Structures are given as structure tokens and as C-alpha cells.
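Quick notes on the structure that follows.
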Amino acid sequence: SLKEHGLVLERRNGYVRPTKQLPGGEECFIKHLGECGDQKCGNYRLGKFAAVRPDFLKFCVDFIKRANRKPRELVYCSLGSGQLLFD
């Protein structure tokens with residue numbers, strides 16, 4: 001999970017964004033990235049559907065790994081969410 005890696009998310013300015021500071025006090029350099037903060041959305045990460053985005057990301061990564069026939073190649077897939085946090 002993101003929290004296990006030191007990234008904590010919050011709802012700020014209508015979007016879900018990383019906190020401005022990491023738990024250790026350092027500035028979070030991706031604090032301006034975000035994703036939809038609509039609390040009624042089925043993809044809202046901070047609500048009861050918290051696992052939807054991580055589960056979808058895992059599905060995508062697993063699919064790309066299976067489709068990549070040359071495991072030493074670098075594959076980058078961007079899904080293009082508006083505030084780029086998901087990317």
C-alpha cells in the first residue's frame with residue numbers, strides 16, 4: 001500500500017493528494033499530483049471503495065507482465081488520470 005511506503009493521502013482542494021510532508025517531515029515532491037476527490041464516486045480512494053484503484057492497478061500491471069514477451073524490456077503504460085497521481 002502507499003502508506004506502507006511512507007505516502008499518506010488526504011483530500012485537499014477537491015482532490016485526493018499526497019500530504020504536503022512525508023511522515024519523517026521531509027517535503028513530498030509529488031504533493032501537487034492528485035486524483036478525483038468526489039466522495040460519491042465509486043473510485044474514491046479515501047472512502048469505502050479504497051481498494052478499487054489499487055486493485056485496478058494490480059490488474060493492469062499483471063496484464064502487462066503477461067503480455068510482455070521480453071522480460072528485460074521496460075514497459076511504461078499511462079492511464080492518463082487528470083491530476084496524474086494514478087500515473
Side-chain angles (χ1 to χ4, degrees):
S1 78
L2 293 174
K3 195 169 188 175
E4 291 171 353
H5 291 70
L7 187 63
V8 180
L9 301 175
E10 65 183 0
R11 190 167 186 274
R12 190 172 75 246
N13 299 328
Y15 294 97
V16 174
R17 301 182 187 278
T19 54
K20 294 179 181 180
Q21 291 186 324
L22 298 172
E26 304 92 359
E27 181 180 12
C28 180
F29 65 92
I30 61 168
K31 65 185 174 199
H32 297 293
L33 300 182
E35 64 189 27
C36 178
D38 181 354
Q39 296 170 329
K40 296 177 185 172
C41 178
N43 291 325
Y44 182 61
R45 188 189 296 259
L46 302 179
K48 62 183 177 181
F49 301 111
V52 171
R53 289 179 190 260
D55 288 351
F56 180 66
L57 177 60
K58 182 181 180 334
F59 167 81
C60 292
V61 169
D62 290 346
F63 181 84
I64 291 166
K65 283 180 178 177
R66 285 191 308 273
N68 186 12
R69 300 186 195 282
K70 298 178 185 175
R72 294 194 178 265
E73 281 186 3
L74 174 66
V75 174
Y76 176 76
C77 177
S78 175
L79 300 173
S81 65
Q83 296 287 311
L84 299 176
L85 180 62
F86 193 76
D87 290 307

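Start at 1 with the first residue, then count along the sequence. Since the structure is predicted, the reported quantities are computational estimates derived from the model, not experimental observations.
Using a 4.5 Å heavy-atom threshold, the side chains of Arg45 and Cys36 count as separate.
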Test side-chain contact (heavy atoms from CB on, under 4.5 Å) on Gln21 and Glu26; report intermediate values, then the result. CA-CA 6 Å; Gln21 291 186 324; Glu26 304 92 359; over 6 Å; no
Could you pull out every donor-acceptor pair under 3.5 Å between side chains of residues 6-14 and any protein atom, sequence neighbours left out?
residue: Glu10; atom: OE2; partner: Arg12; partner atom: NH1; Å: 2.5
residue: Arg11; atom: NE; partner: Gly37; partner atom: O; Å: 2.7
residue: Arg11; atom: NH2; partner: Gly37; partner atom: O; Å: 3.2
residue: Arg12; atom: NH1; partner: Pro18; partner atom: O; Å: 3.0
residue: Arg12; atom: NH2; partner: Lys31; partner atom: O; Å: 2.6

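At least one donor-acceptor pair closer than 3.5 Å links the side chain of Arg53 to the backbone N or O of Asn43.
Taking a cutoff of 4.0 Å between a charged side-chain nitrogen and a carboxylate oxygen, Asp62 and Lys58 qualify as a salt bridge. The residues Lys20 and Glu27 are annotated as not salt-bridged, no charged nitrogen and carboxylate oxygen being separated by less than 4.0 angstrom.
The side-chain contact (heavy atoms from CB on, under 4.5 Å) search around Asp55 returns Ala51, not counting sequence neighbours.
In this structure, Ile30 is a member of the same hydrophobic cluster as Val16, with clusters built from ILVMFWY side-chain heavy atoms closer than 4.5 Å. When hydrophobic clusters are built by joining Ile, Leu, Val, Met, Phe, Trp and Tyr residues whose side-chain heavy atoms come closer than 4.5 Å, directly or via intermediates, Leu33 is grouped together with Leu46.
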